[in-house]
Amino acid sequence: MQNEFFGIGKYLLAHRRQWFWGIFFVLISVGASLAGPPLIVGRAVDALRAGTATTGLIVQYALLILLTALISNAATFMMRRFLVVASRQISYEVRRDIFANLTKQDQGYFHNNRTGDLMNRLTGDLNTVQEMLGFGISQGSSTFLTMIISLSLMFALSPTLGLVTLCVFPIIATILFFVIKTIGKRHVAVQEQASVISAKAQENFSGIRVVKGYAIEDREINEYKTMNLEYRRRVIRLAMIEGPLWAFVGLLMNFVFIAVLLIGSRQLITADANARFAGLTIGQFVQFTTYLFNLQWPMLAVGVMASLIQRGASSWQRLQQILEVQPAIRDSERTDSSIKTVAGNIRFENLSLSADNRTLLNNINLSIPKGQTLGITGRTGAGKTLLASLVGRMQDPSSGRVLVDGHDVRDIPVSVLRSHIGYVPQEPFLFSDTIAENIAFGLNESTQVEHANKPDFATIKWAANVAGLAKDVEDFPAQYDTMLGERGVTLSGGQRQRTALARAVARKPEILILDDSMSAVDTETESRILNELKTVLEDRTVLLIGHRVSTLRYADHIIVLENGRIFEQGTHDQLIALGGVYAEMERKQGLENVLEVDEEPSTVLKLGVN
Amino acid sequence: MREEDAFKKQFDWELTKRILVYLKPYFWVAVGGVVLSFLIAVASQTFPRLLKTAIDQYLAPAAGSSFSALSVDARLQGVATIALFILGVAFLEFVTRYAFQFTLSWLGQNVLFDVRADLFSKLQRLPLAYFDKNPVGRLITRVTSDVDAINQFITNGLLTLITSIFVVAAVLFNMFSLNWQLGLIATATVPILFFSARFFQTKFRDSYRDLRIKQAIVNTSLNENITGMGTVQLFNREARNRRDFNNLNSSFLRANLTTVHWFSFYFPVVGLISSMALALVIWYGGGQVIQNIVTIGTLVAFTRYVGNFWQPLQDLSDVINNLQAAMASSERIFGILDEPESVADKPNAKIFETGFKGDVEFKDVWFSYKPVGEEVLPTDWVLRGINFRVKPGESVAFVGATGAGKTSVISLISRFYDVQKGQVLVDGEDVRDLAQRNLRKHVGVVLQDVFLFAGTIESNLRMNDPEIPIERIVQACKYVGVHEFITSLPNGYQTEVRERGATLSTGQKQLLAFARALIQNPDILLVLDEATANVDTESELQIQDALAKVMHGRTSIIIAHRLSTIKNCNRIIVMRKGKIVEEGSHEELLEKGGYYNTLYRLQYADQEMTV
C-alpha cells in the first residue's frame, strides 16, 4: 500500500493543520458521545433499579445527556469543517496539477491515451480518491477512536466481557483481509469495463456520420450492449462478495452480543441474587451492550473503509500515472534560456526518425534560410508531416539535429520556439469559443480580445482577411462573436481550415507551416490566399506541404520525400529539368489537363505550338 | 446553457413514474426486494424487545413481579432461551440482508443496462443535426453519470427509502405497543426535525444543483482541452488555458465547499435532536419507572429505539438528495428519449430489399441547417431551389466554390437532414418515405471527415459486417492502392488502429475510407472529392482509376474541387451560392465561357504555361 499512496503525501502534508484539528475534534466528538449518554443512561438505570432515584436526579441525568450531546455534535461539526473541506481542496489541487501536467505532455502521450480514458480518471477516479480522503479519514479516525475508547470503557466495566468482545476482532480481521483483496480486484475489473464503455460511446458519437452513412447503427448498438452486459456481470460479481461482507459483520456482532448476554447474565444474576457478591449491575450491563451496539457500525465501517482504501489506492495509482508522467519533450538542463527570439533559419542535419522499428525519416539534410519558402511534397506517408512537426518540436528526432538559427531546437526553450511558429494542420482543432477568440488563440494576453472594440481586434480582422475568412465571417449574424461548436461543427471543412490559418497568421510567426492546410479550400480561394500570404508574410520562413504543383510553384525550394528520404530537391524549374518524380507529378497533373483539353480543339492547338 | 437549466429540476412525480416504468420487467424481483426489506426491518427491531424481556424477566425483575421469585438457575435458563431467540433472529437478519443487497445490485444493474441501451439506441436514431448541436462530452455524460443517477435513484433512493420507512414503522410499532405515552414523548421532537430537515433540504438542493453545473462545466473544459492539447501547445497557450481551467476548477471547489458547509451543519443538528429525544425518554421514562408504571426493560428498550429511529430519518436526507439528483439526470435522459426523431422513418416506410436502380432527383429543393419548422432567415439558406435529375448509372459531378452547397446535396440524398421545401427523390420515391437505414445501405458515401474506429484495419474496412469475405476487402484495397501499405504494417490487416486513426497519415486514412466505401458495393455512390485532396498525385490517379471502375453501372455523384476528378463524369452541374448556375458536359460548359470556364482557367492557367 505504501507505494500505491506515494505521491499523495505531498497533498496530505499541505493540509496537515486541517488534519490535526479535524482529528482533534473527532477525539472530542467520539469521547463525549461515548463517555456521555451511555454512562448516564447506565447510572440512571442503576439508580432506578436500586430505588434511589428521585425526580430531581433523573432531570439532572437528562440535562447531562443534552450537555454531552451538545459538545459531541459541536465537535462533529468542527471535524467536518476541517476534514471534509480538506478532501475537497485536495481534489481541487490534484485536478489542477493533473491539468497542468497534461498541458506539458507531448503528442505521443495523447496518441497513446484515449480522451475517454483520461476523462474517466479525472472524474471517476478523482471522486474515489476524494471520498477516500473525506469520508475515509473522518470516518476512519472516528471508527478507530470509537473502537479504542469503547473497548477501554468496556474493559473497565467488565474485563471478562471485554475479553469476549476482543476475541471477535481477529476473526473479523482475517475475514476482511481475504475478502477485501478479492473486492479490490473485482472493483478494478468493473472500472476497466466502465472505461471501455465510455470510450465506445465517445467514439460512436464522434463518428456518428460514418455510423449513419454506413447504416451500422444496429451493429453499434449490439456491440455497446455486449459491453454493458459484461459490465453488469462484473458489477454483480462484485456485489456477490460485497453484499455478504456487510451482513456478515453484523452477524458476527450479534454472536458477540449473545456471548456477552450469556456470560454477563451469569455475573449479573449472581450479584443480583446475592447482594454480597460484587458483580455487574444492570446499569453497567446496559452500558456495556450500548457500547457493543455502538461498535457495530465501526465494525462495518472497517469493511467500508478497507474497500474504500482499496478503491482509493487503485484510483490514486491511475491518477498518479497522469501526475507523474514526464514528457519526452520539455525544457531540460540543456535548454539555453538566453535564447529569447527566433529569426527563422532552419537546418536539418543528418536527421532520422524511427518508431516501432520503422524508419520514418532517413538522414535528411537541408537548409532553409530565413524568408524562404520550402515546398514539401511526396507520397502519402512519405514523412512530410513528420518532418514539419520536428521544427516545432512536436516530437524529437531519433538521431541527427534540427537547427533553428544555428541552435539545436532541443536547446531552445520550447515556448520561445513555438511562439515563433504558426502551424496550420491538416485537420484543425477549433475550440468552442467565438471565432474571434479562436483567431486570437495564439496572441499574447495583452493583445487578446475581449470586446470587438479593443484595438487588437484589428489584428483578428486582418488575419481573417489574409486567410480569406473575413467574407464568410461577415455573413454570420454574430460575425466574429459567432460561437463555434465542439470541433467547429457549424463551419464547413474549408472554413475550418481557413480559421486555423487565420489563427496561425494572427501571430505573425517567423516560421509558418502549412501542412496541406487548404485541402478543403477550393483552388480559386487557395491561390488568392497564397498570393495574399506572400505579400503579408515577406521575410518569413514558410514550410508548404502539398500535392498540387500549382501550389508548390510558389516555393523557392522544393523537396520530394519518398520513404522518409529526400528523393529530389531544387527549384520548380530545376526539378522539372531533372525529369524525376516531381517532373512526373507535374507531367501527370498536366496530363490530366491535356486529357481534358484534348476534348477542346482550340486549346490543343495552342498546346501543340508550345 | 441548456445544460445548466436542466439542473433546476425539483422532485417531479411524472418523472418518477417514468423511471418506475423501468422496473416493470423486474416487478416480482422488486416486490421480493420490498418483502426482504420488510423482513429486515422486523428482524432488526426485534432485538431491543428481546433485550427488554431479558431484563424484565431474568436480569432485573421488578421487586413485586412474578419473575423476582425465580431461582438463579431458572433465571439463567430463561436468559439462555432468549439468547437462542436472538441467534435465530440474527440469522434471519443476515440472510435477508444478504439477499436484499444482492437484489438491490441486480435490480440496479438491470435498470442501468436497460436505460443505457435505450438511450444509446435512441441516439443512434437521432438526426445528424442533433449531434451538430450537442458536443460529444455532453452526450457521454448522458450515457454515463446521468444513467448512473437513475440506478442510484432506484437502489440508493427508492429502495432505501422503502427500507427506511419500514424501519421507522417497525420502531414506532414497537415503541407504541410497549408504552404509547412514552412513545409519544420519544417522538415529540419529530416536528423540530421535520422543520430543520425542510430548511436543509432547500439548501442541499440549491447547492447540489450549483455543484453539478460547475462539475459539468469543468468536465466539458477538460474534455476539450485534452482533445485539443496539440493546438494548445503549438500556440503556447498552456499557461493561459491552465489559468482559465483553474478559474472553473476554483468555482467548482467553491460549490463543493458550500455543499460541505450545509452538510456539516445538518448532521450535528440531527444528532442533537436525536439526543433531545433520548433525554426526554430518560426524564419522562425515569419518572414512570419511579412510579412503577414502566419497567426498566421498557426504558432500556426505548433508549435503543430512539437511536434506531433517528438513523433511518437521517438516512432519508441522503435518500432525498439521491432522488433529487436523479431528477435532473432523468429529465435530461428523458429529454433525449423524447427528442423528436425529426428525420424519422414513416410508419410504413418503404424498403427496397434488392437496392435501387439509382434514379436521383431534386425537385425545387430549399434547404437550411435550421431544424425543419424553425424560421429560416434569408442568409440561412444553403440550397435555394435546386432542380436536377440523375438517371440510373449516370455519373454527375458537382463543382463550385466552398460553401456553394455541394456537400449539402450529398447529405440530403442520404437523408442526413430533411429539406424545408421541395423533394429529394430516389427511384421516384421521396426519401422521407423510405426506410433510412435501407436507403443508406445502398448509398455509399465517402465523406470529407474520415473517421476510423478503434479496432483493426480490417474491422474498419468491413465495418463489423462479418459476412464480407476477406478477399473482397483485399480486392478493394488493391483497387485503391492501399493494399501494399497495409501489408507493410507489422500486423497487416490486423494492425490496430488507434483513436481516430491517429497513427495513420491523413492520406492513408482517406485511402482506407475509399476502400471502405467500395467494399459496401453501393447502388448510388456519393463522393466528396475533398477527401482525395491530401493524397499525392499517384495515389489520386489510382483512386480515380478505381473510381472509374466502381462508377461503371452505378449512379455516381461526385463533389469535385479539382476538375481533373470529374473527367469521367457524364455531366457537370455547376453550383454557386446554393443555386445551379450551369449544367452540361465539360466541353459545352467550356464553350459557354461562363462560371465553369472561369473555374477551369483559374486552376490550369499555371500549368498550361509550362506544358
Side-chain angles (χ1 to χ4, degrees), chain A residues 48 58 62 65-66 69 73 76-77 80 84 88 92 99 103 111 114-115 201 205 207-208 210 213-215 217 219 221 224 228 232 235 239 243-244 247 251 254 258 265 269 273 282 286 379-381 419 423 426 429 442 486 489 493-494 516 519-520 522-524 547 550 585 588 590 592-593, chain B residues 60 72 75 79 83 90 94 97-98 101-102 105 109 113 120-121 124 131-132 135-136 139 143 226 228 231 234-236 238 253 256 260 264 268 271-272 275 279 282-283 286 289 401-402 437 440-441 445 448 451 463-464 499 502 505-507 530 533-534 536-537 561 564 602-604 606 611:
Chain A
L48 289 168
I58 293 295
I65 287 176
L66 273 184
N73 283 302
T76 307
F77 170 76
R80 281 180 168 267
V84 183
R88 299 299 190 274
Y92 156 84
F99 186 87
T103 61
H111 283 177
R114 290 180 177 210
T115 308
F205 299 153
I208 195 72
V210 181
Y214 283 85
E217 292 98 329
R219 286 177 221 146
I221 291 170
Y224 187 73
N228 275 289
R232 187 180 70 181
V235 174
L251 183 67
N254 276 321
I258 290 166
S265 64
I269 292 169
I282 181 69
V286 168
R379 274 172 198 271
T380 319
S419 65
Y423 185 79
Q426 291 169 318
F429 184 90
E486 199 191 39
V489 157
D516 218 344
S519 54
D522 60 286
T523 29
E524 189 186 355
H547 296 292
S550 57
M585 244 174 82
K588 278 177 183 165
E592 296 161 27
N593 186 17
Chain B
V72 169
R75 287 167 76 178
V79 171
F94 168 69
R97 259 190 214 283
Y98 182 21
Q101 285 290 340
F102 188 79
S105 347
Q109 284 307 310
F113 176 83
F120 191 81
S121 307
Q124 301 301 299
F131 291 87
D132 293 344
V136 173
L139 299 178
V143 296
I226 291 173
T231 311
L234 275 166
F235 287 86
N236 293 94
E238 295 98 323
L253 173 66
N256 239 318
V260 172
S264 322
L272 202 59
S275 298
I282 290 293
W283 164 71
V289 173
T402 3
R437 308 267 286 287
R440 290 179 195 146
K441 220 170 202 149
V445 189
Q448 192 171 354
F451 193 94
M463 296 295 273
N464 298 338
E499 194 176 12
S505 81
T506 312
E530 284 118 311
N534 287 330
D536 54 280
T537 315
H561 275 154
S564 56
L602 253 166
Q603 174 157 23
Y604 290 100
D606 276 353
V611 170

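Numbered from 1 within each chain, the chains take letters A, B, ... in sequence-line order. Quick caveat: nothing in here was measured; it's all calculated off a predicted structure.
Using a 4.5 Å heavy-atom threshold, the side chains of A:Arg88 and B:Leu253 count as touching.
The aromatic rings of B:Phe120 and A:Tyr224 sit parallel to each other, their planes meeting at less than 30°, with 60° as the upper class boundary.
Contacts of B:Phe94 with chain A are made by both backbone and side-chain atoms, with heavy-atom separations under 4.5 Å. Only the side chain of B:Gln101 comes within contact range of chain A, judged by heavy atoms closer than 4.5 Å. Both the backbone and the side chain of B:Val143 come within contact range of chain A, judged by heavy atoms closer than 4.5 Å. With a 4.5 Å cut-off on non-hydrogen atoms, A:Leu48 touches chain B through its backbone and its side chain both. If you measure heavy-atom distances from A:Leu251 to chain B, the contacts under 4.5 Å come from the side chain alone.
Interface remark: of the candidates A:Asn254, A:Leu66, A:Thr103, A:Thr103 forms the most heavy-atom pairs closer than 4.5 Å to chain B. Taking chain B as the reference chain and counting heavy-atom pairs below 4.5 Å, the highest number among A:Ile282, A:Ile221, A:Asn73 is found for A:Asn73. Between chain B and the residues A:Val84, A:Thr76, A:Val286, A:Ile258, the most heavy-atom pairs under 4.5 angstrom are made by A:Ile258.
In plain terms, the two heavy atoms of B:Arg440 and A:Glu217 that are nearest each other are NH1-OE2, 3.8 Å.
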